[in-house]
Amino acid sequence: MLNTTAQFQIGQIVCHKKYGFRGIIFDVDPEFGNTEEWYESIPQESRPRKDQPFYHLLAESQDKTTYIAYVSEQNLLTDDSDEPIMHPGISEYFDGVQDGYYVSRTKSN
């Protein structure tokens with residue numbers, strides 16, 4: 001494994017290097033953890049390495065369409081736009097924003 005430490009954190013807003021969509025990280029896999037079918041659906045010339053962190057994002061496209069994205073670390077950048085994300089799933093994972101990061105929701109038992 002080449003990279004065992006995640007560069008980004010849960011609650012951080014990031015953007016995709018190539019496609020420009022933005023999102024809030026709500027989970028991290030230390031290395032690829034999706035299906036082979038999903039991986040093979042990516043054009044070979046664009047496939048990321050599997051031996052790096054992959055992030056689950058509450059994503060928002062430039063036209064404000066929302067969805068869940070699964071993105072390799074090599075394809076992400078920190079988003080410094082200070083623009084809010086308007087994803088309907090935010091309240092499921094986060095309680096608000098503090099110091100530019102979304103604060104993880106405390107789950108009751």
Side-chain angles (χ1 to χ4, degrees):
M1 182 184 295
L2 295 176
N3 184 3
T4 58
T5 305
Q7 178 180 345
F8 303 105
Q9 302 174 36
I10 291 175
Q12 188 172 1
I13 300 174
V14 293
C15 63
H16 194 282
K17 286 180 182 179
K18 183 175 181 180
Y19 299 114
F21 65 81
R22 302 168 59 238
I24 305 164
I25 297 169
F26 70 90
D27 197 9
V28 181
D29 293 339
E31 59 184 32
F32 180 76
N34 209 330
T35 65
E36 279 303 309
E37 180 181 45
W38 182 91
Y39 189 75
E40 294 294 326
S41 72
I42 300 169
Q44 190 169 5
E45 65 277 2
S46 299
R47 278 186 205 146
R49 297 182 335 271
K50 290 183 177 183
D51 62 347
Q52 63 181 313
F54 276 72
Y55 299 85
H56 300 263
L57 308 177
L58 298 173
E60 179 180 84
S61 67
Q62 292 175 348
D63 71 357
K64 304 300 182 197
T65 301
T66 59
Y67 53 97
I68 302 292
Y70 190 64
V71 184
S72 64
E73 186 168 273
Q74 75 187 56
N75 285 315
L76 291 176
L77 296 169
T78 300
D79 180 88
D80 295 323
S81 70
D82 291 328
E83 295 292 322
I85 300 282
M86 305 305 286
H87 195 285
I90 290 173
S91 63
E92 183 177 339
Y93 296 96
F94 302 103
D95 279 332
V97 180
Q98 182 177 356
D99 300 324
Y101 286 78
Y102 282 79
V103 178
S104 292
R105 185 175 194 83
T106 306
K107 298 200 178 214
S108 56
N109 294 336

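- Atom CG of residue Asn34 and atom OG of residue Ser41 lie 8.5 Å apart, to the nearest 0.5 angstrom.
- Below 30°, between 30° and 60°, or above 60°: for Phe26 and Tyr93 the angle between ring planes is between 30° and 60°, a tilted geometry.
- The neighbour count for Asp99 CG, taken as heavy atoms of other residues, nucleotides or ligands under 6.0 Å away, does not exceed 12.
- One N or O on the side chain of Tyr39 and one on the backbone of Pro48 form a donor-acceptor pair closer than 3.5 Å.
- Formation of a donor-acceptor pair under 3.5 Å by the Arg22 side chain with backbone atoms of Glu60 is not found in this model.
- With rounding to the nearest 0.5 Å, the separation of CG in Asp80 from CD in Glu83 is 12.0 Å.
- Scanning all heavy atoms of the two residues, the minimum distance from Thr5 to Pro53 falls at O-CG, 4.1 Å.
- When all heavy atoms of Asp79 and Asp82 are compared, the closest pair comes out as OD2-N, 4.3 Å.
- Note: Gln12 CD to Leu57 CG = 10.5 Å, rounded to the nearest 0.5 Å.
- When hydrophobic clusters are built by joining Ile, Leu, Val, Met, Phe, Trp and Tyr residues whose side-chain heavy atoms come closer than 4.5 Å, directly or via intermediates, Val97 is grouped together with Phe94.
- Taking a cutoff of 4.0 Å between a charged side-chain nitrogen and a carboxylate oxygen, Arg49 and Glu73 do not qualify as a salt bridge.
- Residues that satisfy the side chain to side chain donor-acceptor pair (under 3.5 Å) test with Tyr70, not counting sequence neighbours, are Asp29.
- Atom NE2 of His87 sits about 10.5 Å away from atom OG1 of Thr65, to the nearest 0.5 Å.
- Environment of CD in Glu37: sparse, with no more than 12 heavy atoms of neighbouring residues, nucleotides or ligands closer than 6.0 Å.
- Taken together through direct or relayed side-chain contacts under 4.5 Å among Ile, Leu, Val, Met, Phe, Trp and Tyr, Ile68 and Phe54 form parts of separate hydrophobic clusters.
- Asp95 meets the salt bridge (charged side-chain N to carboxylate O under 4.0 Å, His left out) test with Arg105; sequence neighbours excluded.
- Here the closest heavy-atom approach between residue Thr35 and residue Phe32 is recorded as O-CZ, 3.4 Å.
- Shown here for Ile10 and Ser104, the closest heavy-atom pair between the two residues is CG2-OG, 3.6 Å.
- In the hydrophobic clustering of ILVMFWY residues, with side-chain heavy atoms under 4.5 Å counting as a link, Leu76 and Tyr67 come out together.
- Screening Glu40, Glu36, Glu31 for a salt bridge (charged side-chain N to carboxylate O under 4.0 Å, His left out) involving Lys50 leaves a single residue, Glu36.
- Closest of all the heavy-atom pairs between Phe21 and Ser61 is CB-CA, 4.0 Å.
- Linking ILVMFWY residues whenever their side-chain heavy atoms come closer than 4.5 Å, directly or via other members, places Phe8 and Ile85 in the same cluster.
- Lys17 places a side-chain N or O within donor-acceptor distance of the main-chain N or O of Gln74, the cut-off being under 3.5 Å.
- A continuous path of ILVMFWY side-chain contacts below 4.5 Å connects Tyr102 to Val71, so both sit in one hydrophobic cluster.
- Classified by interplanar angle (parallel below 30°, tilted 30° to 60°, perpendicular above 60°), the ring pair His16/Tyr19 is tilted.
- Counting heavy atoms from C-beta on, the side chains of Thr66 and Leu58 never come closer than 4.5 Å.
- In this structure the side chain of Gln9 never reaches within 4.5 angstrom of the side chain of Ile25, judged on heavy atoms.
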